[in-house]
2 protein chains.
Amino acid sequence: MRGDLSRPATLADVASRAGVSPATVSRVLNGGTAVAPGTRALVEQAIHELEYVVNGHARALAAAASEVVGVIVGDMSDPFFAHIVAGVQDQTFLAGQLALVCSTGGDPSREIGQLEHLRRLRAGGVILVGGAIRDHHHQLELTRQLTGFLRRGCRVVLCGRPPIPDLPQASAITFDNTGGTMRLVEYLTGLGHRRIGYITGPMAQSTSRERLHGFRITARDHDPALVAEGTFTRESGRVAGLKLLRHKGVTAIVAANDLMAAGALAAVRTDGRPVPQQVSVAGFDDIEFCQDTHPPLTTVRLPLREAGATAGGIACGLAQPPAGVIRLNADLVVRGTTGPVRE
Amino acid sequence: MRGDLSRPATLADVASRAGVSPATVSRVLNGGTAVAPGTRALVEQAIHELEYVVNGHARALAAAASEVVGVIVGDMSDPFFAHIVAGVQDQTFLAGQLALVCSTGGDPSREIGQLEHLRRLRAGGVILVGGAIRDHHHQLELTRQLTGFLRRGCRVVLCGRPPIPDLPQASAITFDNTGGTMRLVEYLTGLGHRRIGYITGPMAQSTSRERLHGFRITARDHDPALVAEGTFTRESGRVAGLKLLRHKGVTAIVAANDLMAAGALAAVRTDGRPVPQQVSVAGFDDIEFCQDTHPPLTTVRLPLREAGATAGGIACGLAQPPAGVIRLNADLVVRGTTGPVRE
DNA sequence: CTGAAAGCGCTTACAG
DNA sequence: CTGAAAGCGCTTACAG
């Protein structure tokens with residue numbers, strides 16, 4: 001079939017085989033301008049015979065257009081990110097685009113490097129997922145990078161992190177982290193809990209700070225010693241839970257995400273205290289498995305996949321960037337791990 | 001700083017600002033050939049001042065090299081895929097490459113389209129994750145696509161699916177699906193279970209078929225009516241579990257993955273039968289949450305992240321393609337959902 | 001409806 | 001150690 005098996009066919013190959021000019025082949029490919037049906041058939045035949053696949057790099061270079069959306073996440077093994085990415089991909093698929101998923105492995109400095117990578121590939125959209133890092137230098141560098149993206153017409157979306165005041169052109173989709181935690185803690189307070197332990201995520205991240213903030217302003221007479229820091233992993237939640245249980249009179253433990261709550265649940269069990277009779281436990285995010293823990297986990301539901309889809313739609317250019325910030329609700333989901341304090 | 005703020009700086013801009021030729025800038029960028037220290041400094045200064053970022057498309061076009069690895073998965077919200085992708089990304093990061101993650105949403109026909117997309121971008125490596133589809137036409141088309149990749153020197157890795165006889169150049173990393181299931185069922189048989197219900201994944205996928213095969217050849221006197229088909233989701237497992245429980249004398253339910261096992265567990269609970277006293281339940285994969293179900297889920301452990309990392313290393317060119325198929329173990333993990341049959 | 005030509009932004013032999 | 005030039009594979013005004 002092919003003359004030179006080692007070299008993929010080019011548009012020029014197709015043109016000469018079909019007996020037309022490269023421009024015509026390009027028109028058939030892109031379908032903008034009209035092409036005579038007969039000519040079109042000839043070209044399509046040649047494309048088929050040569051198993052021609054357009055070179056995306058050449059196209060991107062010539063047309064200055066990109067069909068790639070970049071997504072920067074923490075770690076895919078965390079369901080929080082996995083569900084958001086699934087939502088993004090629902091949209092990139094619809095748009096016929098590709099998602100370049102970069103993970104930082106939780107190391108904020110990597111975020112910048114990944115952005116640079118995405119800039120190289122001239123991503124048409126970029127989505128930053130999850131908590132922003134507080135570090136000032138990092139923020140500065142981030143703003144600089146994103147400015148570069150915006151300047152060339154790239155769509156920038158912040159998903160699950162606060163808007164950047166200096167960059168109002170960047171769309172922002174936020175979760176009601178503070179409100180969700182407040183509703184959860186108010187509910188616990190209503191059940192009579194007074195000494196509530198809190199397992200926070202890394203304090204450098206906005207998500208952690210917002211959730212902890214909700215806890216602090218709602219937990220009455222709250223003892224600063226009752227806050228332990230984890231890393232959003234199950235194991236860190238287990239360790240933090242064990243630590244919190246050493247304090248006298250703790251009747252409830254709230255974790256900043258479900259993974260850590262699962263770890264805390266295991267810690268309470270290890271300690272031999274019944275849940276929720278002696279200790280209540282709650283998480284945040286409402287990942288699917290919350291229904292299957294023992295008892296089922298009380299938590300705060302976040303529409304993760306929906307958030308990802310919204311972000312993806314904007315980043316692909318399928319949806320218009322919103323005028324203001326899109327705020328997504330965080331609803332309390334009461335299950336079996338929480339109950340009234342025993343007198 | 002920049003003359004024209006709307007246009008990103010090009011290598012030519014850098015060259016003229018530094019007072020050198022484009023070739024020299026390219027040399028500084030790629031670091032192959034030697035460049036005089038003074039010249040290098042000049043160029044680096046210009047790069048910095050212009051905030052220059054190399055155009056990856058132009059580079060890929062000129063050098064015919066790509067720094068992108070494609071990964072095709074089912075759906076990121078399934079931990080099976082999420083963990084494998086996390087492993088892949090561990091390696092792409094080390095290699096300084098980017099992962100283009102395409103999801104098929106479980107629709108096999110999408111796999112081909114996504115591959116075509118990856119071909120366009122001249123991915124340097126491509127990883128197909130998870131079960132292969134049996135459909136003959138699909139197989140043919142897949143082989144055709146992959147041949148195209150291989151022909152141009154792209155590294156092809158099959159991760160969690162069997163090797164393709166026609167394409168020995170494609171690396172394959174397989175899980176011991178059959179053996180793992182056999183060990184699980186033998187263990188159950190050893191506990192006295194005779195009527196074991198099995199929840200299989202979609203029969204079109206190789207993963208499902210391999211696991212079911214392990215079940216069939218191990219379960220003694222196995223009743224064909226005791227196999228229900230799910231879709232690897234929790235909900236499908238719940239529905240299938242309910243169905244299996246209607247059969248008389250079922251003392252154990254084995255699901256082809258943990259998500260469906262969690263659903264089955266919920267079904268058994270709904271039915272009011274104690275686990276494992278009246279019904280044993282088991283899954284496959286050993287995702288993290290298995291430790292937290294009630295009771296903790298007996299399952300078969302798959303080294304998912306490790307598999308992803310191995311695949312990623314090969315796809316990035318960091319590791320040599322293996323001589324033969326890499327077979328990964330699937331170890332039985334006994335927890336609380338399984339126990340002896342009560343007389 | 002179609003073609004010739006310039007250009008997208010790099011890299012890489014080839015000279016020097 | 002450095003530069004001039006050709007070429008990578010497309011797209012897109014500009015003519016006709």
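In what follows, chains carry the letters A, B, and so on, assigned in the order in which the sequence lines appear, proteins first and then strands, with residues in each chain numbered from 1.
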Q. Quick one: is A:T24 getting a side-chain N or O under 4.0 Å of the C:dG3 phosphate, OP1 or OP2?
A. yes
Q: Take atom CG of A:N30 and atom P of D:dC10, then tell me their distance rounded to the nearest Å.
A: 11 Å
(Q) Regarding B:A36, tell me which of base, sugar-phosphate or nothing describes its non-hydrogen contacts under 4.0 Å with the strands shown. (A) sugar-phosphate
Q. Hey, does A:A23 reach any base, or is it just sugar-phosphate, or nothing, if we go heavy atoms under 4.0 Å?
A. base
**Q.** Rounded distance (Å) that lies between atom P of C:dC10 and atom CD of B:E67
**A.** 13 Å
**Q.** Salt bridge A:R122-A:E67, side-chain N to carboxylate O under 4.0 Å
**A.** no
Q) Looking at the side chain of A:R27, which of C:dT11, D:dA4, C:dT2 is the nearest nucleotide? A) C:dT2
Q: Give one of base, sugar-phosphate or nothing for B:T10, where a contact means two heavy atoms less than 4.0 Å apart.
A: sugar-phosphate
Q) Looking at the side chain of B:R59, which of C:dC10, C:dT12, D:dA4 is the nearest nucleotide? A) C:dC10
Q: Return the nearest nucleotide to the side chain of B:L61; candidates are D:dT11, C:dT2, D:dG9.
A: D:dG9
Q.
Regarding C:dG9, can its base be found pairing with the side chain of A:R122 as donor and acceptor, where the two atoms are less than 3.5 Å apart?
A. no
Q: Using atom NE2 of A:H57 as one end and atom C1' of D:dG7 as the other, report the distance to the nearest whole Å.
A: 17 Å
Q: Run the salt-bridge test on B:R144 and B:D166 with the 4.0 Å N-O cut-off and return the result as yes or no.
A: no
**Q.** Phosphate contact (D:dT11 OP1 or OP2) by A:S26 side-chain N/O below 4.0 Å
**A.** yes
Q: Starting from P on D:dC10, measure out to CG on A:L11 and report it in whole angstrom.
A: 5 Å
Q: Take atom C1' in D:dT12 and the same atom in D:dG16, then report the distance between them in whole Å.
A: 16 Å
Q) How long is the line joining CG of A:L29 and P of D:dC10, in whole Å? A) 8 Å
Q | B:N55 side chain near C:dC8 phosphate (N/O to OP1/OP2, under 4.0 Å) | A | no
Q.
Between C:dC1 and C:dA5, how many Å separate the two P atoms, rounded to a whole number?
A. 24 Å
(Q) From C-beta outward on A:T39, which listed nucleotide comes closest to its side chain: D:dT2, D:dT12, C:dC1? (A) C:dC1
Q: Let me know, please, whether B:G19 or B:A62 comes out on the 5' side of the other along DNA chain D by nearest nucleotide.
A: B:G19
Q: Using Watson-Crick or G-U wobble geometry with both distances below 3.5 Å, tell me the partner of D:dC1, or none.
A: C:dG16
Q. What is the distance, rounded to the nearest whole Å, between atom CG of A:L121 and atom P of C:dC8?
A. 20 Å
Q.
Could you check whether B:R161 pairs with B:E111 (Lys NZ or Arg NE/NH1/NH2 to Asp/Glu carboxylate O, under 4.0 Å)?
A. yes
Q.
Any side-chain to backbone donor/acceptor pair from B:T24 onto B:V20? Under 3.5 Å, distance only.
A. no
Q.
Treating B:D13 as the side-chain partner and B:T10 as the backbone partner, does any N or O pair qualify as donor plus acceptor under 3.5 Å?
A. yes
